[in-house]
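I have placed the structure first, in the form of structure tokens, so that the comments after it can refer back to it.
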Amino acid sequence: MNTLPLPPLRLRGKTLLPVIQGGMGVGVSAHRLAGNVAREGAMGTIASVDLRRLHPDLMAATGRCRDRASIEAANLTALAREIRLAQEIANGRGAIAVNVMRAVTQYADCVRCAGENGADAVVMGAGLPLDLPDLAADFPDMALIPILSDARGVTLLLKKWMRKHRLPDAIVIEHPRFAGGHLGAASPEDMGDARFDFATAVPGVLAAYEALGIADENIPIICAGGINSPAQVRELIALGAAGVQLGTAFAVTEEGDAHPVFKQVLAEARPEDIVTFMSVAGLPARAVRTPWLDNYLRREGKLQRVASAAHKCTLAWDCLVSCGLRDGLSRAGQFCIDNQLAAALRGDLERGLFFRGSERLPFGAAIRPVRELIAYLTSGDSGAPATA
């Protein structure tokens with residue numbers, strides 16, 4: 001294998017290793033994981049969704065609260081804390097990003113909170129972030145990184161952003177066939193479309209840069225979804241990408257913020273344990289088939305047939321712009337995603353929803369440090385990966 005150093009990822013004046021740790025909520029990627037990734041010279045990412053669950057004082061005040069404003073205020077307090085704590089761990093190295101889902105109602109507040117607390121970047125997916133330049137206008141030094149899945153979506157976003165006189169600082173191309181969590185495809189059946197393949201999407205984005213006259217801007221392309229080896233990293237960079245993003249592989253590291261049971265569930269999952277279904281957010285999602293999910297999938301058809309807009313938000317919070325359970329959307333999932341993801345965070349195997357990518361992990365079922373994962377991806381060092 002070629003062991004020459006990989007070209008660095010250049011982002012808003014920072015020179016980084018070409019590795020981004022993906023944002024994973026609820027609470028799976030918080031200050032400990034993001035800070036340790038940044039300390040190695042890469043970009044760590046804090047997922048902004050419902051971070052109050054990592055702070056006992058905030059949960060004591062809002063755990064049984066039915067007031068939306070109080071819950072949202074607690075979550076912004078938690079996000080500000082997490083950014084500062086991550087920065088302390090990073091000690092000036094790498095970069096700290098905040099992942100914000102466009103599908104959550106509080107996305108605008110989270111972008112502002114990220115900027116006010118000195119985050120280096122905002123990464124936004126789960127919907128087209130067409131208004132992100134407006135939301136971040138007061139923070140011109142904060143990098144803006146949208147997540148999309150194909151060249152068509154990138155072209156649409158670029159045209160919209162160019163009218164606002166702002167370009168992305170990087171673009172993540174996430175393949176829905178391999179990624180975990182919420183996926184950038186209209187339906188599970190659509191995920192195998194060839195337009196999502198990196199061999200199609202990366203050259204397509206580069207061609208879009210040329211067609212729009214912005215090729216000289218050198219906007220980095222970051223590939224995400226199913227990446228698990230240094231050979232794959234080098235292949236993607238040779239294709240035209242500037243770096244890679246991984247989620248599940250970082251979630252199961254020693255520094256990951258979730259419970260050890262969470263890491264065990266993800267690391268030990270077999271291919272037949274991983275399933276794709278419709279989330280309450282109206283997007284396909286991928287997770288490990290655990291007791292709760294298995295039970296839900298058996299009842300999914302019936303629940304969708306009787307879906308009714310008479311439902312109220314389980315948590316009286318309305319965390320999503322569009323919620324299948326709350327809004328009675330028969331095509332979407334029919335469960336409280338925040339409750340289920342929070343259960344997974346605390347290692348509750350019976351009640352948790354454990355998001356995971358589809359491919360094997362770099363070290364199989366082993367739980368290894370962030371440093372070893374980054375070293376393996378960038379140079380092939382830190383021992384041979386598991387083959388299982």
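Atom set for the values below is all heavy atoms of this structure, side chains included, hydrogens, waters and symmetry mates excluded.
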Margin query: I'd like to know whether Arg53 forms a salt bridge (Lys or Arg N to Asp or Glu O under 4.0 Å) with Asp257, so could you lay out the CA-CA distance, the side-chain angles of the two residues, the decisive distance to 0.1 Å, and finally the verdict.
Written below: CA-CA 11 Å; Arg53 293 188 180 273; Asp257 291 272; over 6 Å; no
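At a cut-off of 3.5 Å, with distance as the only test, no side-chain donor of Asn91 or Arg39 sits close to an acceptor on the other residue. Remark: the Glu82 side chain and the His55 side chain contain an N/O donor-acceptor pair separated by less than 3.5 Å. When only modelled atom types and interatomic distance are considered, Tyr107 and Asp131 share a side-chain donor-acceptor pair under 3.5 Å. For the residue pair Arg195 and Thr200, no side-chain donor N or O sits within less than 3.5 Å of a side-chain acceptor on the partner.
Residues passing the side-chain contact (heavy atoms from CB on, under 4.5 Å) test with Cys223, sequence neighbours excluded: Phe198, Val202, Ile227, Leu236, Ala241.
One finds the CG atom of Asp120 at 8.0 Å from the CG atom of Leu11 (value rounded to the nearest 0.5 Å). Here the straight-line distance linking atom CD1 of Ile20 with atom CD1 of Ile222 works out to 4.0 Å at 0.5 Å rounding.
In this structure, Leu16 and Pro8 have side chains that are not in contact, with every pair of non-hydrogen atoms separated by 4.5 Å or more. Side-chain atoms of Pro220 and Arg10, non-hydrogen and from C-beta on, never get closer than 4.5 Å to each other.
Although no hydrogens or angles enter the test, the distance criterion places no donor-acceptor pair under 3.5 Å between the side chain of Ser149 and the main chain of His175. Not one N or O on the side chain of Gln21 forms a donor-acceptor pair closer than 3.5 Å with the backbone of Gln245.
Sorted by first then second residue, the ring-ring contact (aromatic ring centres under 6.0 Å, His included) pairs that include residues 258-290, not counting sequence neighbours, are Phe262-Phe354.
Hydrophobic clustering of Ile, Leu, Val, Met, Phe, Trp and Tyr side chains at less than 4.5 Å, counting indirect connections, keeps Val244 apart from Phe196.
Within a 6.0 Å sphere centred on CZ of Arg351, heavy atoms belonging to other residues, nucleotides or ligands number 12 at most.
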Side-chain atoms of residues 286-293: list all donor-acceptor pairs with protein atoms under 3.5 Å, sequence neighbours left out, distances to 0.1 Å.
residue, atom, partner, partner atom, Å
Arg286, NE, Thr276, OG1, 3.3
Arg286, NH1, Pro176, O, 3.0
Arg286, NH1, Arg177, O, 3.4
Arg286, NH1, Ala179, O, 2.5
Arg286, NH2, Pro176, O, 3.2
Arg286, NH2, Arg177, O, 3.2
Arg286, NH2, Thr276, OG1, 3.4
Arg289, NH1, Asp294, OD1, 2.6
Thr290, OG1, Gly352, O, 3.3

